[in-house]
There are 2 protein chains.
Amino acid sequence: MNSGPSARRGPKPKPDTRDNLIRAGLQAIHADGFAATGIQGIVERADVPKGSFYNHFASKEAFGAEVLDAYSDLGLERLRAFLANSDLPPLARLGAYFDDRIKAFTAGGYARGCLLGNFSAEAADHSPLIREHLVQHWDAWTKALEGCLAEAQGQGAIDGRLAPASLARFILNSWEGALLRMRVEKTGSALIECKSMILETLLPSRRPS
Amino acid sequence: MNSGPSARRGPKPKPDTRDNLIRAGLQAIHADGFAATGIQGIVERADVPKGSFYNHFASKEAFGAEVLDAYSDLGLERLRAFLANSDLPPLARLGAYFDDRIKAFTAGGYARGCLLGNFSAEAADHSPLIREHLVQHWDAWTKALEGCLAEAQGQGAIDGRLAPASLARFILNSWEGALLRMRVEKTGSALIECKSMILETLLPSRRPS
DNA sequence: AAATAAAATATGACCGGTCGTCTTAAATTA
DNA sequence: TAATTTAAGACGACCGGTCATATTTTATTT
């Protein structure tokens, strides 16, 4: 039968060329933006001949989508790790995540922001492929947050009339907006204010009488 | 002494060449992003010879800063117009502004977003000049919003313990984040949710007992 | 008032460099 | 040998920016 994956032909691919390209591309695109990043710079960073790039990726656009995937997967894993920490009540986990990110962005000089937001601004309008990936990733991050909020609501830490799904979307969107402001001001204020506005004002809110 | 501005020499500049360039640049940069927009395309749209561009602008970066200024001035004027409408209570003015923007973005196919946000993502890290302009413009928009919120607070429509300055920053940042989400989803949902979360949940909130 | 110098703009060719992509040759295996 | 993949670099187009030159206007000198 031998119905397994058909054996490949051709020279052995250097096993980590592809990963090296993704890694180099992630660094470069995160630092400089998608449009401003050239294939040339990426292949040089990855120490890969320029022509080899298109053996692994159909286009710059497809490459960008994979870089985005890699970034999102990593970040989502971290988010989930924080939100799953059962040593803390749900909202404290969210607070800890915020604090961790604030610390990281502070260490990074308040630059670069979140690649999801960056791609959304730069590529969502022009690349249907990247846009589709963005939809999935934003949604996945939202879902992770939503789970935590639902848990908090179950414990009475959040007004029962607020829908966790809407809250999660709003919180994530607001955080991304705060990241834009942070990059402009080169200060952590926007992030700190975002955290406190959400955790101290929005979530504990009660409807007006 | 004749310390006045020394009279300029040289041929009268074609009076609207500069404005045409700004206008063409605004359209192009708003649609395609700063890095992805070339000088060539701009001068072609404005029907200006390429060499003339650098008679009016020191660099693409300086041009971008002026385009940003033009965009911000226009948008700020609109924001102020809505927030000054004394026929409505303060928060209703803000709601009307949101509705107007939602309508406009809907008509535009949920694309392009806000140039302040776009430049913040693309250029704030790399261009000190543009970053400085961004600081001013974000701040001006925030101040406009803050005035309206303070007025609302004076009328008791907002919890007295919330600082209008912080609220204004958070609201503007959140709106910019919602615009990112909008461009990904090609839906007005994020904007609608942002409006309602702010006007119905955040602002009327009372501290937990 | 006339002549000249200075300054700014108009214009398009042109610079080195980089862009994303494609073609071709080498390598490997069926 | 045929098929297939990789390595490698060539490719034309375009990038932001510069330059020389012509032109137009004003300031200064005579």
Side-chain angles (χ1 to χ4, degrees), chain A residues 1-22 24-25 28-29 31-67 119 122-123 126-127 129-130, chain B residues 1-22 24-25 28-29 31-67 119 122-123 126-127 129-130:
Chain A
M1 309 287 282
N2 197 2
S3 65
S6 65
R8 58 169 303 288
R9 308 183 190 184
K12 295 221 175 86
K14 280 178 156 181
D16 42 7
T17 291
R18 195 190 156 86
D19 285 353
N20 287 343
L21 285 170
I22 295 275
I29 292 173
D32 299 336
F34 183 61
T37 297
I39 308 286
Q40 193 141 295
I42 294 169
V43 297
E44 280 167 12
R45 277 171 95 138
D47 205 38
V48 165
K50 178 149 183 210
S52 296
F53 182 88
Y54 285 92
N55 295 329
H56 298 278
F57 306 98
S59 63
K60 190 192 184 191
E61 179 189 15
F63 176 71
E66 289 213 38
V67 165
F119 265 110
E122 229 188 324
H126 298 93
S127 165
L129 173 66
I130 290 177
Chain B
M1 309 289 283
N2 195 3
S3 65
S6 65
R8 59 168 302 289
R9 306 186 191 182
K12 297 230 174 81
K14 275 182 160 178
D16 42 7
T17 291
R18 196 188 154 87
D19 285 354
N20 287 344
L21 286 171
I22 295 275
I29 292 173
D32 298 337
F34 183 61
T37 297
I39 309 285
Q40 194 139 298
I42 293 169
V43 297
E44 281 167 11
R45 275 171 95 139
D47 205 37
V48 165
K50 171 114 182 258
S52 294
F53 181 89
Y54 285 92
N55 295 329
H56 297 276
F57 305 99
S59 62
K60 189 193 183 189
E61 180 190 14
F63 177 71
E66 290 214 37
V67 165
F119 265 110
E122 229 188 324
H126 299 94
S127 165
L129 173 66
I130 291 177

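Letters A, B, ... mirror the listed sequences (proteins, then strands); counts begin at 1.
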Exercise for the section: Kindly say whether G38(A) contributes a backbone atom to a donor-acceptor pair with the side chain of K60(A) at under 3.5 angstrom? Expected result: no
Problem - Distance, rounded to the nearest Å, where D32(A) contributes CG and dT18(C) contributes C1' - result: 14 Å
Exercise for the section: Select base, sugar-phosphate, or nothing to describe what G51(B) touches, counting heavy atoms under 4.0 Å on all strands. Expected result: base
Problem - Any donor-acceptor N/O pair under 3.5 Å between dA8(C) base and N55(B) side chain - result: no
Handout entry: Value in whole Å for how far the P atom of dA13(C) lies from CZ of F53(B)
Key = 19 Å
Problem - Integer-rounded Å distance: dG12(C) C1' and Y54(B) OH - result: 15 Å
Exercise for the section: Examine dA8(D): is either OP1 or OP2 under 4.0 Å from a nitrogen or oxygen in the side chain of S52(A)? Give yes or no. Expected result: no
Exercise for the section: Determine the minimum heavy-atom distance between V67(A) and I22(A), stating which atoms define it. Expected result: CG2-O, 4.1 Å
Practice task
Let me know the distance between CD1 of I39(A) and C1' of dC19(C), rounded to the nearest Å.
Solution key: 9 Å
Problem - N or O in side chain of Q40(A) less than 4.0 angstrom from dG20(C) OP1/OP2 - result: no
Handout entry: Integer-rounded Å distance: dT9(C) P and D16(B) CG
Key = 15 Å
Practice task
Grab the CZ-P distance between F57(B) and dA10(C) for me, whole Å please.
Solution key: 11 Å
Handout entry: side chain to side chain contact (heavy atoms under 4.5 Å, CB included) partners for A35(A), two or more places apart
Key = E122(A), A35(B), A36(B)
Exercise for the section: Ignoring the backbone of P49(B), work out which of dG16(D), dA8(D), dG12(C) is nearest its side chain. Expected result: dG12(C)
Handout entry: Candidates dG17(D), dG20(C), dA8(D) - which lies nearest the side chain of K60(B)
Key = dG17(D)
Practice task
Please identify each residue that fulfils side chain to side chain contact (heavy atoms under 4.5 Å, CB included) with E44(B), with sequence neighbours left out.
Solution key: Q40(B)
Handout entry: H56(B) vs dA8(C): side-chain N/O to OP1/OP2 distance below 4.0 Å
Key = no
Problem - Any N/O donor-acceptor pair, K50(B) side-chain to dG17(D) base, under 3.5 Å - result: yes
Fill in the blank from the handout: Taken to the nearest whole Å, CZ/F34(B) to P/dC15(D) is 14 Å
Problem - Whole angstrom value for the distance that separates C1' of dA10(C) from CG of L21(B) - result: 13 Å
Problem - Main-chain N/O of F63(A) paired to H56(A) side chain as donor or acceptor, under 3.5 Å - result: no
